Amino acid sequence: MNTAADRPDRPHRARHKGIFVTGTDTGVGKTLVASALVHLHAAHGLRCVGMKPVASGAFHDGQRWCNEDVLALQAQANVQVPPHWVNPYLLRRATAPHIAAAEEGVTIELEHLAACHGHLAAASDCVIVEGAGGLMVPLDARHNTDDLVARLGLPVVLVVGMRLGCINHALLTQQAIAARGLPLLGWVANEIDPAEACMDAMVESLQARLHAPLLGRLPWQPGMSAQEAAARLSSAALIDTAG
Ligand SMILES: Nc1ncnc2c1ncn2[C@@H]1O[C@H](COP(=O)(O)OP(=O)(O)OP(=O)(O)O)[C@@H](O)[C@H]1O
Ligand SMILES: C[C@H](N)[C@H](N)CCCCCC(=O)O
Ligand SMILES: [Mg+2]
């Protein structure tokens with residue numbers, strides 16, 4: 001009997017559930033990489049959407065409250081979905097989500113996030129989820145971002161912001177991923193410090209210590225588009241193994 005993945009009109013689609021994009025810190029390029037992953041999957045003929053479960057930091061465009069990460073992910077999606085599925089919680093202040101939520105009297109519900117993710121998964125072939133900050137960022141008094149990843153059951157892509165200190169942050173994140181039994185699909189070296197003189201040695205140090213493939217190196221390039229970033233990522237590693 002043919003499986004969905006065998007059907008010639010929808011090659012491999014049954015295997016593509018999605019990816020959770022985390023990072024060594026906030027401001028390391030998760031949005032760029034997550035947008036690139038949406039672009040990459042869409043370019044391979046998959047129906048792909050992005051999700052930013054919790055966004056902290058909003059601006060008003062004259063009509064509604066918006067968030068830059070949410071807009072960037074939406075710009076790459078090739079499926080029309082309700083915005084409140086893409087971004088269930090939009091918090092005003094650009095700070096840690098649990099602090100911003102407490103300030104607004106909002107409770108971030110893991111089950112609501114899982115329900116919204118379920119709607120996106122049902123409407124698409126692949127959902128690329130971007131966390132806020134790093135893997136252990138709290139969502140409420142009892143749950144951290146790693147709890148959300150475990151609840152969604154997604155493999156992880158780790159964006160390493162290549163600057164001094166990132167080796168330690170990347171290895172700690174790898175430990176936290178392993179402690180939860182989450183699959184690490186791969187990592188991306190995002191060269192966010194143009195003054196770093198030991199970049200190659202740092203990348204090699206991480207290649208020797210991270211137990212997952214380097215999916216690509218992104219050079220320091222202000223204004224890099226999702227499409228340009230996607231061209232630098234290994235689609236073979238991502239498209240064949242995600243999900
Ligand atoms: N390779 C790069 N070259 C130059 N600038 C970059 C590069 N990667 C990211 N940036 C810039 O660095 C800033 C932080 O990146 P980004 O917003 O993607 O971080 P993030 O990890 O998504 O943070 P958050 O935790 O807020 O979601 C942005 O202004 C982005 O355009
Ligand atoms: C507001 C910012 N851009 C991110 N979305 C949230 C980063 C939370 C980091 C929390 C922490 O690790 O201290
Ligand atoms: Mg971001």
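Worth saying up front: this structure is predicted, and the values here are computed from it rather than measured. First listed ligand is number 1; within each ligand, the first listed atom is number 1.
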[X] side chain to [Y] main-chain N or O, any donor-acceptor pair under 3.5 Å?
X    : Y    : result
K52  : V129 : no
S56  : T95  : yes
R209 : S205 : yes
E196 : C198 : yes
N168 : G165 : no
N78  : L46  : yes
Q227 : H39  : no

With a cut-off of 4.0 Å, which atoms of ligand 1 are near a heavy atom of [X]?
X    : answer
M224 : 1 (N)
L32  : 8 (N), 18 (O)
P219 : 1 (N), 2 (C), 3 (N)
Q221 : 2 (C), 3 (N), 4 (C)
P222 : 4 (C)

Quick test: of every protein heavy atom, which one is nearest to [atom], and how far off is it to 0.1 Å?
atom                    : value
atom 8 (C) of ligand 2  : A96 CA, 3.9 Å
atom 18 (O) of ligand 1 : G29 CA, 3.1 Å
atom 11 (C) of ligand 2 : V137 CG2, 4.2 Å
atom 23 (O) of ligand 1 : G27 N, 2.9 Å
atom 8 (N) of ligand 1  : N190 ND2, 2.9 Å
atom 3 (N) of ligand 2  : T26 OG1, 3.7 Å
atom 6 (C) of ligand 1  : W220 CZ3, 4.3 Å
atom 5 (N) of ligand 2  : S56 OG, 3.6 Å

request  = Could you tell me how the ring of H60 sits relative to the ring of W65: parallel (under 30°), tilted (30 to 60°) or perpendicular (over 60°)?
outcome  = perpendicular

Counting from 1 in the order shown, the ligand 2 atoms closer than 4.0 Å to a non-hydrogen atom of T95 are 1 (C), 6 (C)

A student checking ligand 2 against A94 at a 4.0 Å heavy-atom cut-off should list atoms 1 (C)

Taking N or O atoms only and a 3.5 Å limit, does [X] qualify as a polar contact for ligand 1?
X    : value
T31  : yes
I192 : no
A132 : no
V28  : yes
E130 : yes

| request: Consider ligand 1: state whether an atom of it lies below 4.0 angstrom from any non-hydrogen atom of A229. | output: no

>> Looking at ligand 1, is there an atom of it that comes within less than 4.0 Å of some heavy atom belonging to G133?
In response: yes

**Q.** L214 reachable from V156 in the ILVMFWY side-chain graph, under 4.5 Å edges
**A.** yes

Taking [atom] as the reference point, report whether a protein heavy atom occurs under 4.0 Å from it.
atom                    : answer
atom 13 (O) of ligand 2 : no
atom 26 (O) of ligand 1 : yes
atom 14 (C) of ligand 1 : yes
atom 11 (C) of ligand 1 : no
atom 2 (C) of ligand 1  : yes
atom 21 (O) of ligand 1 : yes

message: Around atom CG of L164, are there more than 12 heavy atoms from other residues, nucleotides or ligands closer than 6.0 Å?
response: no

Discussion item. Around atom CZ of R180, are there more than 12 heavy atoms from other residues, nucleotides or ligands closer than 6.0 Å?
Written reply: yes

Please classify the [X] to ligand 1 contact at 4.0 Å (heavy-atom distances, strictly less than): side chain, backbone, both or neither.
X    : value
D69  : side chain
K52  : side chain
V159 : neither

Checking N190, T173, T24 against V160 for side chain to side chain contact (heavy atoms under 4.5 Å, CB included), the one that qualifies is T24

In this structure, the Mg ion (ligand 3) sits at the vertex of an angle between OD2 of D69 and OG1 of T31 that rounds to 10° as 90°

Can you tell me if an N/O/S atom from E130 lies under 2.8 Å from the Mg ion (ligand 3)? yes

Short check: any N/O/S atom of T26 below 2.8 Å from the Mg ion (ligand 3)?
no

- Item | Working for salt bridge (Lys or Arg N to Asp or Glu O under 4.0 Å), residues D200 and R217 | CA-CA 10 Å; D200 287 349; R217 281 177 74 160; 2.7 Å; yes

Which is it for Q174 and L158 under the side chain to side chain contact (heavy atoms under 4.5 Å, CB included) test, yes or no, and what are the steps along the way?
-> CA-CA 9 Å; Q174 174 170 255; L158 172 62; 5.6 Å; no

- prompt: Under 4.5 Å between any side-chain heavy atoms of V70 and P83, yes or no?
  reply: no

* Are T31 and E68 linked by a side-chain donor-acceptor pair shorter than 3.5 Å? -> no

Open item on the list: Assess the residue pair M51 and L73 against the criterion (side chain to side chain contact (heavy atoms under 4.5 Å, CB included)); give the C-alpha distance rounded to whole Å, side-chain angles, the decisive distance to 0.1 Å, and a yes or no.
Closed with: CA-CA 7 Å; M51 180 184 192; L73 293 170; 6.0 Å; no

Assess whether salt bridge (Lys or Arg N to Asp or Glu O under 4.0 Å) is satisfied between D146 and R151, documenting all intermediate values. CA-CA 9 Å; D146 64 326; R151 176 67 184 81; over 6 Å; no

Please determine whether side chain to side chain contact (heavy atoms under 4.5 Å, CB included) holds for the pair V33 and L218, giving the CA-CA distance in whole Å, both sets of side-chain angles, and the decisive distance to 0.1 Å. CA-CA 9 Å; V33 170; L218 304 182; 3.9 Å; yes

